[in-house]
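Here is the structure we will look at, set down as structure tokens.
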Amino acid sequence: MTAKEFIVWFLLSLLAVFAIAVILFCVHLGMPWWPHHLNREVRIAKHHIAESVEGPTIWLQGGSSTWFGFDSPLLQAETGFDVVNLAFNINMPLEFCFDEVRLFAKPGDAVILGLENSMYFRNNYSSYAADEITIWDTDFFWSLSLRRKAQFLKSLPWRKVLAGDLVRLGQLTGDFEKQLKPLPPRKVIENLEDQWDGRYTGEIPAYYNYLTLNRHGDFVQSNHTLWRGTHDYYLMDLHPVSEMTRHDFKEFTKWARENNVQILMSWLPMARNPKLDLEHPKVKASIHRITNFTSSMGLEFLGKPEDFVLDIELFYDTSHHTTAKGATERTERLLPFLKEVLD
């Protein structure tokens with residue numbers, strides 16, 4: 001083989017490998033396998049709730065500390081706003097979280113961003129988010145810029161892609177008929193409303209399930225083992241606010257100004273524990289980096305981090321999830337700061 005022939009062979013081999021990878025990825029998109037659709041069903045349920053409100057609305061968004069950590073009925077009763085909790089999981093990309101708000105927020109509404117501290121510093125896509133999004137929100141992937149698509153694909157676990165392709169093969173061979181399938185949206189909504197009205201008789205999983213939502217989108221079921229660990233809430237890290245975060249906030253705040261939507265920042269609820277020392281120089285530096293960044297975007301926090309340090313007895317299965325009582329206390333502590341802004 002001559003040098004020229006080798007180069008041609010090598011380039012054609014690379015092209016073939018690339019083509020196979022693209023085909024495998026496209027076949028994987030929208031994989032219908034049930035175990036990966038739990039978050040999809042939560043999203044369907046939250047969208048159903050969001051579509052039901054008409055008046056001025058407060059939209060709650062963030063990671064699971066927001067999903068588990070707000071008492072929306074109390075917030076609604078005290079402010080007069082409708083309240084919808086759109087929050088998902090700490091691993092979801094910021095632009096995904098912001099896109100969820102853009103779908104529903106209207107002029108005169110407010111958004112409370114209760115982001116986990118680590119979300120300010122993240123500069124890539126988590127493999128969890130990449131895996132989930134390719135399964136049940138393919139439109140999000142196609143909406144990304146070419147640079148973001150490349151970052152996204154870099155984070156995608158390819159063993160999951162191969163697993164998804166096997167599920168597709170099962171559809172062709174008939175083996176898929178033996179597997180559990182994701183619920184159609186209408187069935188998710190029907191089950192959800194039956195649960196709210198006391199008619200649902202099926203099993204209700206304890207964790208990350210649409211049947212554990214109240215009428216505002218809050219998580220309401222708490223029967224896991226209570227968390228009693230230690231955590232510094234990523235405040236001891238020295239990472240700067242990431243370029244991804246800066247870009248996504250810049251785009252979102254621009255959209256909010258253009259659409260007369262108010263953005264308010266909230267600290268996450270943190271458990272009082274030996275690893276959390278708000279007086280530590282590294283912790284102070286992290287808080288300073290976050291507040292400097294949000295101030296540069298024209299955004300201010302409702303209260304200070306110390307206002308939302310709660311007793312560890314108010315935390316549920318992880319360091320970021322409050323019990324129902326903890327969610328109420330966090331909301332009560334937030335309300336005086338919120339009322340000052342809304343009034």
Side-chain angles (χ1 to χ4, degrees), residues 14-15 17-33 36-44 46-47 50 59 61-64 66-67 86-105 111 113 115-116 118-165 167-168 182 185 239-259 261 263 293 297 299:
L14 285 180
L15 184 62
V17 170
F18 177 75
I20 291 171
V22 170
I23 291 170
L24 290 174
F25 173 71
C26 290
V27 170
H28 171 72
L29 285 173
M31 180 182 77
W33 195 25
H36 288 279
H37 280 259
L38 297 180
N39 279 326
R40 164 189 169 268
E41 292 164 0
V42 169
R43 187 175 185 235
I44 290 168
K46 292 201 174 206
H47 282 199
W59 304 93
Q61 186 57 286
S64 57
T66 295
W67 181 2
L86 290 172
F88 250 79
N89 181 287
I90 187 174
N91 293 294
M92 289 295 116
L94 275 179
E95 70 261 54
F96 173 88
C97 298
F98 295 160
D99 282 352
E100 292 292 283
V101 175
R102 289 184 184 104
L103 286 173
F104 302 107
V111 181
L113 296 179
L115 306 180
E116 278 83 346
S118 61
M119 296 175 80
Y120 295 100
F121 309 128
R122 188 169 58 209
N123 207 30
N124 53 34
Y125 294 100
S126 73
S127 59
Y128 174 91
D131 185 30
E132 290 282 316
I133 286 170
T134 54
I135 291 168
W136 48 259
D137 190 17
T138 55
D139 288 344
F140 175 81
F141 171 77
W142 294 119
S143 74
L144 297 176
S145 66
L146 285 176
R147 182 181 176 185
R148 287 285 179 99
K149 282 188 176 75
Q151 285 180 281
F152 186 96
L153 292 173
K154 184 179 178 182
S155 301
L156 183 65
W158 283 90
R159 57 188 176 81
K160 294 292 186 75
V161 173
L162 294 175
D165 292 337
V167 173
R168 290 292 190 195
H239 303 301
V241 174
S242 72
E243 288 306 313
M244 281 185 78
T245 296
R246 292 180 182 278
H247 176 271
D248 293 338
F249 260 90
K250 184 178 179 180
E251 294 294 312
F252 187 55
T253 53
K254 179 176 181 289
W255 171 87
R257 286 192 299 270
E258 291 173 349
N259 289 274
V261 173
I263 301 175
F293 163 68
M297 294 285 145
L299 307 174

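None of the values given here were measured: they were computed from a predicted structure.
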What pair of heavy atoms forms the shortest contact from [X] to [Y], and how long is it?
X: A105; Y: W59; value: CA-NE1, 3.6 Å
X: T66; Y: G62; value: OG1-CA, 3.9 Å
X: R122; Y: M92; value: NH2-O, 2.8 Å
X: I263; Y: L299; value: CB-CD2, 3.7 Å
X: N123; Y: E243; value: OD1-N, 3.6 Å
X: A87; Y: G63; value: CB-O, 3.5 Å

### Query
Is any side-chain heavy atom of C97 closer than 4.5 Å to a side-chain heavy atom of L115?
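No; the side chains remain at least 4.5 Å from each other.
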_Side chains of R40 and P185 in contact at under 4.5 Å (non-hydrogen atoms)_ =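 When only atoms from C-beta onward are counted, P185 and R40 do touch, with a gap below 4.5 Å.
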Got a second to check how far [X]'s [atom1] is from [Y]'s [atom2], nearest 0.5 Å?
X: L156; Y: F141; atom1: CG; atom2: CZ; answer: 8.5 Å
X: Y128; Y: N39; atom1: OH; atom2: CG; answer: 4.0 Å
X: N259; Y: K254; atom1: CG; atom2: NZ; answer: 9.5 Å
X: T245; Y: F293; atom1: OG1; atom2: CZ; answer: 6.0 Å
X: R102; Y: E100; atom1: CZ; atom2: CD; answer: 11.0 Å
X: F252; Y: D99; atom1: CZ; atom2: CG; answer: 9.0 Å

Self-check item: Polar side chain donor-acceptor pair, E132 to W136, under 3.5 angstrom
Solution: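 Per modelled atom types, E132 and W136 side chains form a pair under 3.5 Å.
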Yes or no on side-chain contact (heavy atoms from CB on, under 4.5 Å) for W67 and K46, after CA distance, side-chain angles and deciding distance? CA-CA 11 Å; W67 181 2; K46 292 201 174 206; 3.5 Å; yes
Legend entry - Derivation and outcome, side-chain contact (heavy atoms from CB on, under 4.5 Å), residues I90 and M119: CA-CA 7 Å; I90 187 174; M119 296 175 80; 4.1 Å; yes
Discussion item. Measuring centre to centre across the rings, with the benzene-like ring taken for any Trp, is H239 within less than 6.0 Å of Y120?
Written reply: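 That pair fails the under 6.0 Å test.
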List for me each residue that meets side chain to side chain contact (heavy atoms under 4.5 Å, CB included) alongside D248, sequence neighbours excluded, and say none if there are none.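 So D248 forms a side chain to side chain contact (heavy atoms under 4.5 Å, CB included) with L94, E95, F98, R148.
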Restricting to side chain to side chain contact (heavy atoms under 4.5 Å, CB included), what partner residues turn up for S127, sequence neighbours left out?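 Once residues adjacent in sequence are excluded, the partners of S127 under the side chain to side chain contact (heavy atoms under 4.5 Å, CB included) criterion are P157.
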- Task: Please assess D139 against D137 for the test side-chain contact (heavy atoms from CB on, under 4.5 Å), listing each intermediate value before the final yes or no.
- Result: CA-CA 5 Å; D139 288 344; D137 190 17; 4.1 Å; yes
Q) F249 and V241: side-chain contact (heavy atoms from CB on, under 4.5 Å), yes or no, with the steps? A) CA-CA 11 Å; F249 260 90; V241 174; over 6 Å; no
Q.
When you measure from the side chain of N89 to the backbone of N91, do you find a donor-acceptor pair of N or O atoms at a distance under 3.5 Å?
A.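 Yes; at least one donor-acceptor contact below 3.5 Å.
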- NZ (K149) with more than 12 external heavy atoms under 6.0 Å: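 Atom NZ in K149 is crowded, with more than 12 foreign heavy atoms closer than 6.0 Å.
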